[in-house]
Amino acid sequence: MLSSVSSADVEPIGRGVGHRTVDQLVSAARGGERRATARLLTLVERGGETASAVADAIWPQVGSGGTDAHVIGVTGPPGAGKSTLVAAWLTQLVAAGRRPAVLAVDPSSPLTGGAILGDRIRMSEASAAGVFIRSMATRGHAGGLALAVPGMVRVLELAGFDPVVVETVGVGQVEVDITSAADTCLVVVNPGMGDAVQANKAGLLEVADLFAVNKSDRPDAADVRRDLELMLDLSDMTGHRRPGVAERPAVISTTATTGAGMDELAAALDGHRDGLVSSGALHDRRRQRWRSEVRSHLAERLRRLADATVADLEPKDNRSPNALVEDLIASIFEELVEDVDSRCDRGD
Amino acid sequence: MDNDTPDQGSGEAPVRVVLAKLGLDGHDRGLKVVARMLRDAGMEVVYLGLRQTTETIIDAVEQEDADVVGISMLNAGHLTLGPRMVEALSQAGLDVPVIIGGIVPDDDRPAMAAAGVAGVLGPGASAEEVVACVQAACRRC
Ligand SMILES: Nc1nc2c(ncn2[C@@H]2O[C@H](COP(=O)(O)OP(=O)(O)OP(=O)(O)O)[C@@H](O)[C@H]2O)c(=O)[nH]1
Ligand SMILES: [Mg+2]
């Protein structure tokens with residue numbers, strides 16, 4: 001039940017990658033080989049034992065403190081211009097000598113499990129400039145995203161990318177959680193359509209460190225700015241704010257299609273990170289991110305254990321479901337202890 | 001390449017397909033239809049859209065760790081651009097099958113196959129044909 005795989009004996013087979021072990025892929029990715037990085041992302045995304053082997057191989061090199069890379073979550077309503085904005089901003093960063101990467105998450109179809117990942121459409125120029133872009137589907141149960149994304153971010157950090165940007169559509173709770181687990185969370189909204197109100201409902205107001213009011217070329221851009229400032233006033237009064245978020249989020253006007261506002265945006269994001277470093281909040285946020293990652297993995301293991309435990313269960317006349325659970329937990333722990341004992345005896 | 005090693009992940013991972021329109025103009029209605037067909041068959045489509053170059057396609061195939069690449073092109077471009085794409089991918093060390101979509105006369109198909117193009121899909125291809133073509137190309141990789 002509690003199997004373990006050492007990273008040395010896993011051999012992923014791949015198209016054009018050849019037969020390389022996880023350790024070989026890790027050192028190639030570390031040396032900047034994009035193909036190895038892409039393959040590691042695939043292995044982590046797939047989950048299971050190979051993903052654990054990759055995590056084990058990378059962890060000592062990245063460590064609990066994380067790297068110097070700035071991890072930035074970008075979220076907001078569908079079509080707000082997140083991809084266009086990320087592309088324009090990161091293209092500028094490349095020109096300034098940085099090495100950015102994006103993980104762009106789009107929903108899978110709940111019916112077929114397939115997905116059309118369209119974020120790259122807006123990122124051709126950024127791709128040509130050298131930005132590393134990886135598209136990702138949510139794949140089935142929402143918990144999968146929470147399991148895979150932190151590990152994939154770590155692969156990109158290992159490969160030396162900075163910043164590492166995660167784009168998600170700000171609708172589902174998991175998506176919002178993932179973006180807000182970043183060092184810095186940027187929320188993109190639009191004029192019209194009551195985006196500020198929508199963002200408020202989706203819980204984006206509390207998690208935002210920064211707002212971009214995109215499509216500022218539109219006539220009603222001033223209105224959304226005002227709505228946003230009003231709602232921030234309100235949350236100032238009620239004290240509704242994410243822990244560790246001391247300052248009122250900055251609101252920056254952008255036009256992603258022309259690049260207007262990108263300099264201010266880049267400066268504000270860098271400034272936010274500097275603030276986190278000097279206040280010590282970066283450390284707190286990363287510890288929080290680490291905890292929620294551990295929690296996701298633990299929850300997944302327990303979920304599987306629960307599935308396996310009830311698979312062949314028959315109703316019992318003398319035990320209520322509630323009482324039965326107490327029995328089951330006791331027997332599961334007994335089994336786990338035996339398992340560990342026998343491994344100790346074997347000297348594993 | 002061989003593909004015999006069991007998938008060690010949790011469950012079967014979906015096939016990942018990069019779809020792009022190579023060349024300067026045109027529209028991508030047909031390509032969008034193909035994208036939907038593949039999604040409805042449970043595949044993950046990384047959609048690049050219009051005005052792609054061999055370089056942007058290669059970058060996408062590499063970074064997305066794609067299993068197959070599908071390229072749509074203008075009439076009459078297929079004989080030069082198709083083989084050039086195959087060649088460019090293999091020079092980049094990417095052993096990923098290429099499927100060409102567009103109006104390709106039957107007479108040209110042997111030459112395309114000889115150049116390493118894994119499949120050709122005409123404008124009227126049904127969803128079954130499109131999906132079968134991608135699956136067949138994928139099995140050979
Ligand atoms: N007028 C105007 N249009 C913009 C601007 N930024 C983006 N757009 C357009 O808005 C549309 C959506 O842009 P995307 O970048 O795909 O938006 P997104 O938020 O990434 O969308 P999803 O990932 O699908 O949620 C595209 O047609 C863009 O060209 C802007 O600043 N002004
Ligand atoms: Mg997008």
Side-chain angles (χ1 to χ4, degrees), chain A residues 5 10-19 33-53 101-102 104 106 108-109 111-128 130-137 139-140 144 147 300 304, chain B residues 1-21 28 31-32 34-53 55-68 89-90 92-97 131 138 140-141:
Chain A
V5 180
V10 179
E11 187 162 292
I13 307 298
R15 313 153 294 263
V17 174
H19 300 241
E33 192 201 296
R34 293 188 166 213
R35 193 156 319 149
T37 303
R39 175 49 47 89
L40 287 172
L41 291 172
T42 303
L43 296 177
V44 173
E45 184 180 20
R46 232 173 251 177
E49 289 181 2
T50 315
S52 298
V102 192
D106 274 329
S108 299
S109 153
L111 288 179
T112 67
I116 297 177
L117 310 171
D119 294 308
R120 272 192 109 99
I121 299 171
R122 313 280 168 216
M123 296 185 171
S124 290
E125 204 189 323
S127 172
V131 177
F132 186 100
I133 304 164
R134 177 64 172 236
S135 313
M136 175 185 185
R139 289 195 186 172
L147 286 175
E300 172 66 12
R304 287 188 187 204
Chain B
M1 297 193 96
D2 63 273
N3 215 351
D4 298 329
T5 299
D7 176 13
Q8 303 186 5
S10 56
E12 186 97 339
V15 172
R16 285 169 70 84
V17 187
V18 164
L19 282 189
K21 183 116 183 179
D28 62 349
L31 199 62
K32 279 185 176 144
V34 169
R36 253 172 258 135
M37 289 169 171
L38 297 177
R39 177 199 60 192
D40 292 345
M43 299 185 187
E44 289 179 359
V45 177
V46 179
Y47 196 82
L48 305 189
L50 293 168
R51 287 182 287 281
Q52 300 299 309
T53 63
E55 289 77 27
T56 57
I57 293 169
I58 284 172
D59 284 344
V61 167
E62 180 171 76
Q63 292 161 19
E64 302 290 351
D65 199 9
D67 301 298
V68 181
L89 279 166
S90 93
L94 292 162
D95 198 3
V96 178
V131 171
C138 202
R140 275 186 281 130
C141 57

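Residue numbering restarts at 1 for every chain, and letters A, B, ... go by the order of the sequence lines. As a basis for the values below, the full set of heavy atoms in this structure was taken, side chains included, without hydrogen atoms, waters or symmetry mates.
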Tell me, for A:Val131 versus chain B, whether the close heavy atoms (under 4.5 Å) come from the side chain, the backbone, both or neither.
backbone

Select one option (side chain, backbone, both, neither) describing which atoms of A:Ser109 are under 4.5 Å from chain B's heavy atoms.
side chain

Given a strict heavy-atom distance threshold of 4.5 Å, which part of B:Arg16 is in contact with chain A: side chain, backbone, both, or neither?
side chain

Can you tell me which of A:Ser135, A:Gly118, A:Gly113, A:Ala128 forms the most heavy-atom pairs within a distance under 4.5 Å of chain B?
A:Ser135

Just by distance, no angles: are the side chains of B:Gln63 and A:Arg120 close enough, under 3.5 Å, to form a donor-acceptor pair?
yes

Would you please say whether a donor-acceptor pair under 3.5 Å links the side chains of A:Thr112 and B:Asp40?
no

Nearest heavy-atom contact between B:Tyr47 and A:Ile116 is CB-CG2, 4.2 Å

B:Asp65 side, atom CG; A:Leu40 side, atom CG - distance, nearest 0.5 Å
9.5 Å

Salt-bridged, B:Glu62 to A:Arg34, with N to O below 4.0 Å?
no

Return the CD to CZ distance between B:Glu44 and A:Arg139, rounded to the nearest 0.5 Å.
4.0 Å

Any idea which of B:Val15, B:Val17, B:Leu89, B:Val45 has the most non-hydrogen atom pairs under 4.5 angstrom with chain A?
B:Val45

Using 0.5 Å steps for rounding, measure from the CD1 atom of B:Ile58 to the OG atom of A:Ser127.
11.0 Å

Using non-hydrogen atoms only, which part of B:Ala60 is less than 4.5 Å away from chain A: side chain, backbone, both, or neither?
both

Counting heavy-atom pairs under 4.5 Å with chain B, which one of A:Ser108, A:Ala137, A:Ala38, A:Ala115 comes out on top?
A:Ala115

Roughly how far apart are A:Leu117 CG and B:Glu64 CD, rounded to 0.5 Å?
7.5 Å

